Amino acid sequence: MNLGLEGRRALVMGGSRGLGKAIAQALVAEGARVAICARNAERLGATALELGVEGIVCDLSAPGAAAALIRETEKRIGPLDVLVVNTGGPPPGLFVDLSDAAWRAAFEGLWMSGVGAIRSALPGMRARRWGRVILITSIAAREPVANLMLSNSLRAGLHGLVNALSREVSADQVTVNALMPGYTLTERLEELQLDVTKLAAQIPAGRLARPQELAAVAAFLASDPAGYVTGQAIACDGGLLQSI
Ligand code: NAD
């Protein structure tokens with residue numbers, strides 16, 4: 001299938017490693033002009049060089065950073081057609097462990113970075129009557145994952161944003177969707193120190209995902225043929241959610 005992404009301009013937030021990197025790679029393979037961002041200049045630079053994309057240093061947890069990121073991206077690669085909202089996951093913890101400061105920090109990093117980026121990128125997409133906004137959330141938005149209170153809560157809310165926003169902008173041929181990774185083999189997963197063998201036994205597919213498997217779904221959602229898919233939250237989870 002021709003995804004029609006040749007020459008399209010895409011920003012993948014949080015793209016120096018893991019799922020963001022795999023998505024950026026998939027978009028480049030389809031001929032898109034891609035920018036990625038991350039905090040760590042050294043790793044960002046290495047990934048940008050490896051993939052042949054623009055690397056923009058940005059701390060998405062800083063207020064106003066996402067809007068500045070969109071401005072810088074459009075300066076470097078031109079008006080955005082595709083925005084992939086993605087960043088690091090919030091720290092683990094039970095409800096009893098979490099202070100107001102922890103909730104506010106997670107909200108700033110996970111929610112407001114997305115809101116700021118979408119608010120800045122959307123007017124151009126609407127005016128040009130073509131746009132794709134994809135939020136990388138989590139299966140935790142549908143079924144809570146133990147000890148991930150912040151992620152479980154905030155990502156479920158993001159699905160509400162996807163539903164409501166998709167209705168506001170679909171007449172302008174801009175789609176807004178959430179993509180829910182299941183357990184996927186990235187550094188983030190290693191850091192959470194989960195028991196991979198035990199996890200795999202709970203997943204109908206019998207294994208964890210490769211980042212490229214999620215990236216393929218993201219590339220489709222970013223594509224021209226996906227223009228009638230909007231307001232959805234799509235899982236790439238080896239059948240886990242429907243089996244719970
Ligand atoms: P990861 O930690 O491996 O990668 C996160 C990326 O975001 C990196 O490029 C990092 O540099 C960047 N980043 C982190 N904080 C940032 C900040 N403040 N400013 C700018 N960039 C920042 O994570 P991943 O496994 O690729 O997952 C991506 C997202 O998907 C995360 O939010 C994660 O919680 C979620 N998720 C992952 C899985 C999984 O199994 N890997 C499952 C469900 C949901």
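Residue numbers count from 1 along this sequence. Bear in mind the structure is a predicted one, so any value in this text is a computation, not a measurement. Read the numbers this way: they start at 1 and go in the same order the structure lists the ligands and their atoms.
Using modelled atom types, no side-chain atom of R9 and backbone atom of A35 make a donor-acceptor pair closer than 3.5 Å. The backbone N or O of G93 lies less than 3.5 Å from no partner atom in the side chain of D97, so there is not a single donor-acceptor pair.
Sorted by chain then number, the residues whose non-hydrogen atoms approach ligand 1 to under 4.0 Å are G14, G15, S16, R17, G18, L19, A38, R39, R43, C58, D59, L60, S61, N86, T87, G88, G89, I136, T137, S138, R155, P181, G182, Y183, T184, T186, R188, L189.
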Expected list for residues 196-215: side-chain donor-acceptor pairs under 3.5 angstrom, two or more places apart:
from: R207; atom 1: NH1; to: E213; atom 2: OE1; distance (Å): 3.0
from: R207; atom 1: NH2; to: E213; atom 2: OE2; distance (Å): 2.8
from: E213; atom 1: OE1; to: R210; atom 2: N; distance (Å): 2.9

Per-pair distances, 0.1 Å, donor-acceptor, side chain in residues 102-115, under 3.5 Å, sequence neighbours excluded:
from: W111; atom 1: NE1; to: L154; atom 2: O; distance (Å): 3.1
from: S113; atom 1: OG; to: G109; atom 2: O; distance (Å): 2.5

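Taking the side-chain hydrogen bond (donor to acceptor under 3.5 Å, both in side chains) definition, one finds that D59 meets it with S61, sequence neighbours left out.
With respect to V162, the side chain to side chain contact (heavy atoms under 4.5 Å, CB included) criterion is satisfied by exactly one of L135, I134, V85, T230: L135.
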